[in-house]
> 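What follows is a single structure, and I will ask about it in a moment.
Note that this is a predicted model, so its numbers are computed, not measured. Only this structure's heavy atoms are used, side chains among them; waters, hydrogens and symmetry mates stay out. Convention: sequence-line order gives letters A, B, ...; per-chain numbering from 1.
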Amino acid sequence: MMLGTARRFGVSHALRATAPRSISARLATQLPKWQAPSTLSSLAATRSLHSSFPRLSAATAEATVEETEPSKSAMITEFSDLAAENLIHNKIIKNIIQPDRMNLKTMTEVQSLTLNEIVKGDDILAQAKTGTGKTLAFLVPTLQNILNDPSVDVSKVGRRSARTGPSEIRALIISPTRELAEQIAVEAKKVAFGTGLIVQTAVGGTQKRAGLAKIQQEGCHLLIGTPGRLKDILSDPWTGVSAPKLNTLILDEADRLLDQGFAPDVEEIQSLLPDPTKLDRQTLMFSATVPREVMQMVRQTLKPDFKHVNTVREDEVPTHHRVPQKLVYTRGLENSLPALLELAQNWQARRDNGEDLRPFKAIAYFNSTAETKISADAFNNMARNSQFRQSSMGNMRMLEINSRLTQALRTRSADNFRKAREGILFSSDVTARGMDFPDVTHVVQIGVPRDRETYIHRLGRTARAGKEGEGWLFMHRAEQDVYRKRLGRLPLTLDTALETADADLSQTFSNDTSVGKIVNQVTEGLAQCDGATKVKSYMGQLGTTTGNFDSKREAIQALNQMFTVGYNMQTPPELSPRLMQQLGLNRIDGVSMGDGTRQRRDGGFSRGGSRGGFSRGGDRGDRGGFSRGSDRSGFSRGGERGERSGFSRGGERGERSGFSRGGDRGGFSRGGDRGSFTRGGDRGDRGDRPSRPRRAFDESFGNDSFRF
DNA sequence: AAAAAAT
């Protein structure tokens with residue numbers, strides 16, 4: 001059926017011959033609000049329910065053609081037809097469709113809708129949902145265009161002295177992350193296999209000299225890289241790598257590359273390329289999201305008559321309809337990891353019960369690198385436990401990835417997760433965009449993400465290529481306002497099934513209950529993490545929580561509670577007056593403020609010689625790390641006042657926070673024993689929590705103080 | 001102090 005349709009429409013030369021008319025004119029003058037007709041998206045959605053990759057059907061093709069191509073151009077939907085029309089090189093087609101190679105048959109919407117335009121040489125902004133083949137959409141026609149260039153010599157295929165050099169770059173692809181650049185390159189090499197086209201990468205974190213040597217030796221037609229390294233090698237005349245013949249510039253994840261952080265680099269790279277008024281240059285932009293704010297940048301960067309190919313209706317969300325998105329309120333920040341473990345265990349238990357579910361393979365996203373680390377550490381600690389190993393969780397890989405790891409470790413984690421059958425990847429936003437890990441069943445976002453686009457792209461790591469997947473967002477109640485503002489219109493539904501999400505973790509739990517088992521495992525895993533990691537995690541979350549929470553006061557209380565109850569630490573790190581001011585915390589209760597005499601040392605925090613580590617009260621001989629009762633107001637200023645209160649003076653919220661001693665809930669034993677704090681006094685088993693090994697920070701930090 | 005990205 002599809003094939004017949006494709007043939008009916010598949011007239012490539014007609015496509016090439018027809019000039020784009022009204023649509024480009026329209027786009028040039030007004031905000032490009034062109035979009036695929038409604039039938040398209042609804043139909044795609046329906047089809048995807050049947051777990052097929054949303055392809056172009058006959059009906060949609062027709063509708064789309066009319067809408068997008070007033071010139072009645074045709075639409076091709078089968079890769080094999082591209083060969084018949086002699087539009088795309090036979091070798092490329094073979095690489096795509098052969099079962100022992102990429103094994104693809106039918107093109108996706110973006111691929112169909114952009115191919116002819118790209119071959120024609122038009123500038124394009126293409127928007128399509130995550131996991132619908134955007135990479136291939138720009139690779140195939142771009143590689144073809146290079147082959148079409150008579151000045152490109154690929155005649156010496158397979159021989160050592162191919163007549164290409166480091167200045168033969170015809171197309172450049174910029175990616176916002178190193179792993180994505182590498183992934184695109186892998187795909188590009190598959191497509192280009194046997195054509196003689198040379199694909200190279202240039203990303204940071206790798207040996208520059210080795211990379212350069214490779215390009216110098218083998219030459220390069222298509223270069224793929226990240227902004228910093230591309231800038232570096234293209235601006236340095238000594239490298240010999242240059243692009244005087246460049247015809248095509250591709251911005252993958254274009255909205256990201258055009259935003260604040262990247263735009264200057266991208267502009268600088270453009271300035272290193274041949275003057276577009278002298279050598280015609282095609283620019284292609286691809287992304288699942290293009291927020292309004294960047295449209296101006298898009299328009300500035302593309303030619304005035306660029307095409308906006310949008311397969312996502314403007315009133316539609318660029319997520320997949322088939323992906324259930326669940327929202328979970330957590331009682332405190334410390335509940336996230338137990339809830340994550342519970343989610344994984346529940347899933348595995350259902351599998352054990354014979355339900356037809358794929359193995360649990362999840363990405364857990366955090367808003368700070370330090371939090372990814374402590375979470376990965378904690379889960380790795382748990383996974384070492386024999387009870388855990390023998391459970392249905394036993395075969396899970398626990399992996400970590402973020403930009404603070406060495407590139408070697410990053411690459412290893414990504415590779416391992418790709419290969420993993422089941423496991424959890426604890427990730428920062430390095431992997432949020434474009435990464436294609438096969439068979440991810442769950443995306444769990446912990447904390448409201450920094451913006452809507454981030455949410456959408458993270459979610460897009462699951463349910464790719466027609467597969468199923470679930471999205472989860474764990475969020476503190478006090479993030480509601482920012483949630484509504486950023487994600488309010490997305491289709492999340494409240495889920496209250498995870499028991500540990502709402503458990504009061506200041507209690508003691510018995511291993512006889514399922515909740516207790518989970519909580520105690522996490523507690524123990526965290527207890528084995530070192531103190532510095534905990535402090536960094538606290539500090540790392542300061543920025544996002546104070547920004548995300550309904551009030552700064554709530555943010556601090558939640559963080560302090562996470563630190564004491566979740567991490568089993570005594571007193572939260574002191575903050576310098578300067579930092580407090582920057583965070584707007586000056587008049588917030590519950591903050592430990594240092595006296596500002598810190599000396600900077602590695603990583604932005606300083607160790608003040610004599611000041612107690614984390615200013616624990618006990619060893620200083622004063623009243624213990626916590627203020628109790630409502631007598632104390634204000635906060636401590638380091639030690640010079642001799643008092644340590646730190647936080648939570650009574651107050652209506654006090655009792656929730658796990659410290660703030662009323663005595664009724666157990667809370668906190670201060671006193672000289674520094675450390676042991678016993679929660680759950682009301683249950684009568686104080687101090688007997690199953691797993692409370694001596695905290696690592698006692699050893700590693702001694703009496704030193706950390707102020708920030 | 002909060003992703004990422006050159007050394």
> Among the nucleotides dA1(B), dT7(B), dA4(B), which one has an atom lying closest to any side-chain atom of Thr177(A)?
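Output: dA4(B).
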
> Can you find a side chain N or O atom of Arg410(A) that sits less than 4.0 Å from OP1 or OP2 on dA5(B)?
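Checking dA5(B) against Arg410(A), a side-chain N or O does come within under 4.0 Å of OP1 or OP2.
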
> Could you state the NZ-C1' distance from Lys231(A) to dA5(B), rounded to the nearest angstrom?
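Atom NZ in Lys231(A) sits about 9 Å away from atom C1' in dA5(B).
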
> For dA1(B) and Thr546(A) - does any side-chain N or O of the residue sit under 4.0 Å from the phosphate oxygens OP1/OP2?
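Answer is no, no contact under 4.0 Å.
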
> Give the rounded distance in Å between these two atoms: CD of Gln207(A) and C1' of dA6(B).
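So the CD-C1' distance, Gln207(A) to dA6(B), works out to 14 Å.
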
> Output the single nucleotide from dA1(B), dA2(B), dA5(B) whose closest atom is nearest the side chain of Ser403(A).
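In terms of side-chain proximity for Ser403(A), the closest of dA1(B), dA2(B), dA5(B) is dA5(B).
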
> Is the shortest side-chain N/O distance from Arg433(A) to OP1 or OP2 of dA4(B) below 4.0 Å?
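Checking Arg433(A) against dA4(B): no side-chain N or O falls below 4.0 Å of OP1 or OP2.
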
> Only counting residues at least two apart or in another chain, list the ones meeting side-chain contact (heavy atoms from CB on, under 4.5 Å) with Asp451(A).
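If we apply the side-chain contact (heavy atoms from CB on, under 4.5 Å) test to Asp451(A), skipping adjacent residues, the hits are Glu453(A), Thr454(A).
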
> Report the nucleotide, chosen from dA3(B), dA1(B), dA5(B), that has the shortest atom-to-atom distance to any side-chain atom of Ser428(A).
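Of the options given, the side chain of Ser428(A) lies nearest dA3(B).
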
> Remember a base hit wins even if backbone is also touched, and classify Gly205(A) as base, sugar-phosphate or nothing at under 4.0 Å, heavy atoms.
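Result for Gly205(A) = sugar-phosphate.
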
> Looking for any heavy atom pair under 4.0 Å, which part of the strands does Lys208(A) touch: base, sugar-phosphate only, or nothing?
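Result for Lys208(A) = nothing.
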
> Check this for me, if you would: do Asp265(A) and Lys231(A) make a salt bridge, where the nitrogen-to-carboxylate-oxygen distance has to be below 4.0 angstrom?
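Here Asp265(A) pairs with Lys231(A) in a salt bridge, since their nearest N and O are under 4.0 Å apart.
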
> Below the 4.0 Å mark, does dA3(B) have OP1 or OP2 next to a side-chain nitrogen or oxygen of Thr369(A)?
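Indeed, a polar side-chain atom of Thr369(A) lies that close.
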
> Testing Thr142(A), Leu125(A), Leu249(A) one by one against Leu284(A) for a side-chain contact (heavy atoms from CB on, under 4.5 Å), which residue passes?
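For Leu284(A), the side-chain contact (heavy atoms from CB on, under 4.5 Å) test succeeds with only one of Thr142(A), Leu125(A), Leu249(A), which is Thr142(A).
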
> Grab the CG-C1' distance between Asp259(A) and dA4(B) for me, whole Å please.
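It works out to 9 Å between those atoms.
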
> Could you state the atom-to-atom distance from CZ of Arg209(A) to C1' of dT7(B) in whole Å?
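To the nearest whole Å, that distance equals 14 Å.
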
> Thinking salt bridges, do Arg281(A) and Asp275(A) make one under a 4.0 Å N-O criterion?
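No, no charged N to carboxylate O under 4.0 Å.
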
> Compare the minimum distances between each of dA5(B), dA4(B), dT7(B) and the side chain of Arg229(A), then state the nucleotide with the smallest one.
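The listed nucleotide nearest to Arg229(A)'s side chain is dT7(B).
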
> Rounded off to whole Å, could you give me the CG-to-C1' distance for the Leu333(A) and dA2(B) pair?
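Atom-to-atom, Leu333(A) to dA2(B), this comes out as 14 Å.
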
> Using a strict 4.0 Å threshold on nitrogen-to-oxygen distance, state whether Arg410(A) and Glu179(A) make a salt bridge.
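Here Arg410(A) pairs with Glu179(A) in a salt bridge, since their nearest N and O are under 4.0 Å apart.
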
> Round to a whole Å and report the spacing from NZ of Lys536(A) to P of dA2(B).
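In whole Å, dA2(B) P lies 11 Å from Lys536(A) NZ.
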
> How is Gly540(A) classified with respect to the nucleic acid when contacts are heavy atoms under 4.0 Å: base, sugar-phosphate, or nothing?
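Sugar-phosphate contact only - Gly540(A) comes under 4.0 Å of backbone atoms but never of a base.
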
> Could you say whether Gly228(A) or Gln541(A) is positioned toward the 5' end of DNA chain B, judged by the nucleotide with the nearest heavy atom to each?
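Checking each residue's closest nucleotide, the 5'-ward one belongs to Gln541(A).
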
> When the distance from CD1 of Ile446(A) to P of dA3(B) is rounded to whole Å, what number comes out?
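My rounded result for the distance is 15 Å.
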
> Could you tell me the separation between the CG atom of Leu180(A) and the P atom of dA3(B), rounded to a whole number of Å?
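From Leu180(A) CG to dA3(B) P: 19 Å.
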
> With heavy atoms under 4.0 Å as the rule, sort Arg178(A) into base, sugar-phosphate or nothing.
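Answer is sugar-phosphate: Arg178(A) comes under 4.0 Å of backbone atoms only.
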
> Where the side chain of Asp232(A) is defined as all heavy atoms beyond and including C-beta, which of dA2(B), dA6(B), dA4(B) is the nearest nucleotide?
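That would be dA6(B).
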
> Let's see if you can work this out: which of dA4(B), dA3(B), dT7(B) has an atom nearest to the side-chain heavy atoms of Asn402(A)?
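Minimum distance to the Asn402(A) side chain belongs to dA4(B).
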
> For residues 531-551 of chain A, which residue pairs pass the ring pair (Phe, Tyr, Trp, His ring centres under 6.0 Å) check, not counting sequence neighbours?
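Counting only pairs at least two positions apart or across chains, the ring pair (Phe, Tyr, Trp, His ring centres under 6.0 Å) contacts touching residues 531-551 of chain A are His476(A)-Phe549(A), Tyr538(A)-Phe563(A).
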
